[in-house]
Amino acid sequence: MWVNAREGASPEAGDRGLAYGDGVFETMRYNEARIPLLDRHMDRLDSSCRRLSIPVDLDQLRSEIGAFAGAARSRGARGIIKLIVTRGT
């Protein structure tokens, strides 16, 4: 689990997304460092966050996804990324 770009971190106990479902998520497939349809995922995430008035920095998210995918590539991994953006505490 990565929280706010830190591997192994835990979300805050008072996070509204975890307590009340106040957030959005995208589920993405990755194969090593490649994430098919990443632009579409990011567009949908941006649209959902705007609809709910949840601020999101898409450039930062892309950077964090890239860091995760880079770490996965070094292990030859493939799998699923579930990206959750919440309103916070």
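Any value given below was found using the heavy atoms of this structure, including those in side chains, with hydrogens, waters and symmetry copies removed. On a predicted model such as this, the values are computed, not experimentally measured, just so you know.
- Residue pairs meeting the salt bridge (charged side-chain N to carboxylate O under 4.0 Å, His left out) criterion with at least one partner in residues 42-56, sequence neighbours excluded, are Glu26-Arg44, Asp46-Arg50.
- Distance check: Tyr30 OH to Ile65 CD1 gives 12.5 Å after rounding to the nearest 0.5 Å.
- Under the 4.5 Å side-chain contact rule for hydrophobic residues, Leu52 and Val85 share a cluster.
- If you check the side chains of Thr89 and Asp15, you find no donor sitting under 3.5 Å from an acceptor.
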Apply side-chain contact (heavy atoms from CB on, under 4.5 Å) to residues Leu38 and Met28 and explain how you reach the verdict. CA-CA 8 Å; Leu38 179 60; Met28 300 171 269; 3.9 Å; yes

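- If you take CE on Met42 and CG on Leu83, they are separated by 7.0 Å, rounding to the nearest 0.5 Å.
- Between Arg78 atom CZ and Arg29 atom CZ the span is 10.0 Å, to the nearest 0.5 Å.
- With rounding to the nearest 0.5 angstrom, the CG atom of Leu45 is 16.0 Å from the CZ atom of Arg40.
- With respect to the salt-bridge test (charged N to carboxylate O, under 4.0 angstrom), the residues Asp57 and Arg62 do not qualify.
- Atoms CD1 and CZ, on Ile54 and Arg87 in that order, are 4.5 Å from each other to the nearest 0.5 Å.
- Hydrophobic clustering places Leu58 together with Ile81 (ILVMFWY residues linked when any side-chain heavy atoms are closer than 4.5 Å, directly or through intermediates).
- For the pair Lys82 and Thr27, the tightest heavy-atom approach, listed with the atom from each and the gap, is CG-OG1, 4.2 Å.
- Using a 4.5 Å cut-off between side-chain heavy atoms of Ile, Leu, Val, Met, Phe, Trp and Tyr, with links allowed through other members, Leu61 and Leu37 fall into different hydrophobic clusters.
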